[in-house]
Amino acid sequence: MTAIDTLKKLSALFESARIADASKEAELLVTELLCISKVDLLLKNIELSKLQSDELDVLARRRMSGEPMQYIIGRVEFYGLRINVGPGVLIPRPETELLVEQVIKMCGMPRMILDLCTGSGCIALALAKNFPQAQVYGVDMSDAALKYAVKNAAANSINSIRFFCGDLYAPVKGMRFDLIVSNPPYIPKDDIKDLQIEIRDYEPMSALDGGIDGLNFYRRILAEAPQYLNAGGLVVLEIGINQAKDIKHLAEDAGFGNIRFIKDYSGIERIAVLKMESQ
Ligand SMILES: C[S@@+](CC[C@H](N)C(=O)[O-])C[C@H]1O[C@@H](n2cnc3c(N)ncnc32)[C@H](O)[C@@H]1O
């Protein structure tokens with residue numbers, strides 16, 4: 001069968017499996033498998049070998065059983081970087097690119113940056129690339145995630161990040177930072193069962209579960225942040241839907257007086273930017 005006929009067949013199959021963006025995902029799978037561009041797929045009359053057809057069947061079945069496409073192809077694009085992903089690490093999201101974009105826009109020249117809950121290392125990598133003078137520290141509890149983070153730093157030729165395995169601030173005790181960023185787990189426990197299958201059944205629970213009200217990590221990150229911040233330092237957090245009001249209270253309790261939120265492209269308050277009262 002030709003690649004273009006395969007594409008049509010796969011798109012229909014994905015549509016019947018109710019996969020959103022069925023034709024886009026089908027196209028991605030075919031171009032990835034054949035290592036060809038979209039233009040070549042559409043213009044050249046490429047014929048699939050039996051081996052390639054069989055391989056595509058296996059990949060398509062994985063996708064239709066709910067596995068995220070990013071795990072199947074093993075990577076995702078994040079802020080212009082190629083980030084390797086797979087089971088055990090959260091797939092970086094576009095909302096998180098907004099955090100990076102805002103930090104780059106508002107921070108002058110941070111020298112010490114801490115990325116708590118670094119996962120694949122996507123935030124740490126994007127900031128290290130854009131702040132080449134900075135020393136970046138990435139912390140995560142998951143060995144599996146950190147393996148990806150280390151691999152991603154090497155793959156992107158970034159060597160100004162030190163990754164540590166540990167519980168939030170534990171590995172950087174006694175240090176001070178100009179910028180602390182985090183996209184921690186923030187889904188309320190009871191909401192996890194309602195997430196789409198790609199997330200609920202495939203992405204690591206430890207990257208999602210923010211406790212009963214989703215705020216467990218913000219409580220700890222904010223309460224301890226003042227002792228890890230340099231004067232004039234900033235905390236920038238990604239937050240979940242409807243969490244802004246609670247985060248504001250938690251930040252005020254921790255002594256942050258200068259608090260603002262930035263909305264994402266859907267109008268949801270998504271990024272919290274926090275500075276201490278006296279600064
Ligand atoms: C929502 S993911 C964010 C990953 C990445 N920063 C991103 O934006 O794609 C949260 C991460 O927090 C990590 N994590 C969970 N509990 C932790 C803890 N107590 N200390 C450090 N990291 C933790 C998880 O392993 C996961 O990688």
Side-chain angles (χ1 to χ4, degrees), residues 68 70-71 74-104 113-129 136-153 156 158 161-173 175 177 179-189 191-192 195 198-200 202-212 214-225 228 235-241 243 247 264 270-272:
Q70 295 91 334
Y71 280 179
R75 65 178 162 75
V76 65
E77 178 99 351
F78 182 87
Y79 215 78
L81 297 167
R82 182 189 165 125
I83 303 292
N84 297 289
V85 291
V89 69
L90 189 97
I91 299 163
R93 306 291 206 269
E95 300 89 277
T96 311
E97 290 183 306
L98 179 64
L99 180 152
V100 170
E101 182 188 303
Q102 293 298 322
V103 166
I104 291 169
I113 301 176
L114 173 62
D115 176 24
L116 293 171
C117 304
T118 195
S120 63
C122 58
I123 300 175
L125 285 158
L127 295 181
K129 189 174 171 196
V136 183
Y137 292 77
V139 176
D140 204 284
M141 272 285 260
S142 156
D143 276 325
L146 283 171
K147 277 192 188 133
Y148 281 100
V150 169
K151 184 174 168 192
N152 285 327
N156 287 284
I158 291 174
I161 312 177
R162 297 185 65 190
F163 290 108
F164 292 100
C165 190
D167 182 16
L168 294 184
Y169 295 100
V172 293
K173 223 172 174 47
M175 296 176 73
F177 298 89
L179 172 66
I180 299 175
V181 292
S182 185
N183 172 23
Y186 58 65
I187 311 288
K189 204 179 256 312
D191 294 356
I192 290 175
L195 295 173
E198 283 88 345
I199 304 172
R200 187 193 63 211
Y202 287 89
E203 295 201 79
M205 199 49 63
S206 57
L208 304 173
D209 188 350
I212 297 295
L215 300 170
N216 277 4
F217 285 86
Y218 301 113
R219 277 192 192 90
R220 294 182 56 204
I221 289 172
L222 290 171
E224 291 188 53
Y228 290 95
V235 175
V236 184
L237 306 171
E238 179 173 325
I239 65 170
I241 297 173
Q243 290 180 332
I247 303 271
D264 65 16
R270 182 63 72 184
I271 310 296

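We count ligands from 1, going down the list as the structure has it; atoms in each ligand are counted the same way.
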Quick one: are Val181 and Val100 in side-chain contact, heavy atoms under 4.5 Å? no
Can a side-chain donor-acceptor contact be found between Tyr186 and Glu238 if the only test is distance below 3.5 angstrom? yes
Report yes or no: does Asp140 contribute a side-chain atom to a donor-acceptor pair with the main-chain N or O of Ser142 at less than 3.5 Å? yes
Taking Asn152's backbone N and O only, do any of them form a donor-acceptor pair with Asn84's side chain (distance below 3.5 Å, no angle check)? no
Residues Asp209 and Lys189: closest non-hydrogen pair is OD2-NZ, 2.5 Å
Report all protein residues having a heavy-atom distance below 4.0 Å to some atom of ligand 1; order the list by chain, then number. Leu90, Pro92, Thr96, Cys117, Thr118, Gly119, Cys122, Ile123, Asp140, Met141, Ser142, Gly166, Asp167, Leu168, Asn183, Pro184, Pro185, Ser206, Ala207, Phe217
Which label fits Tyr137 and Phe177: parallel for a plane angle under 30°, tilted from 30 to 60°, or perpendicular past 60°? perpendicular
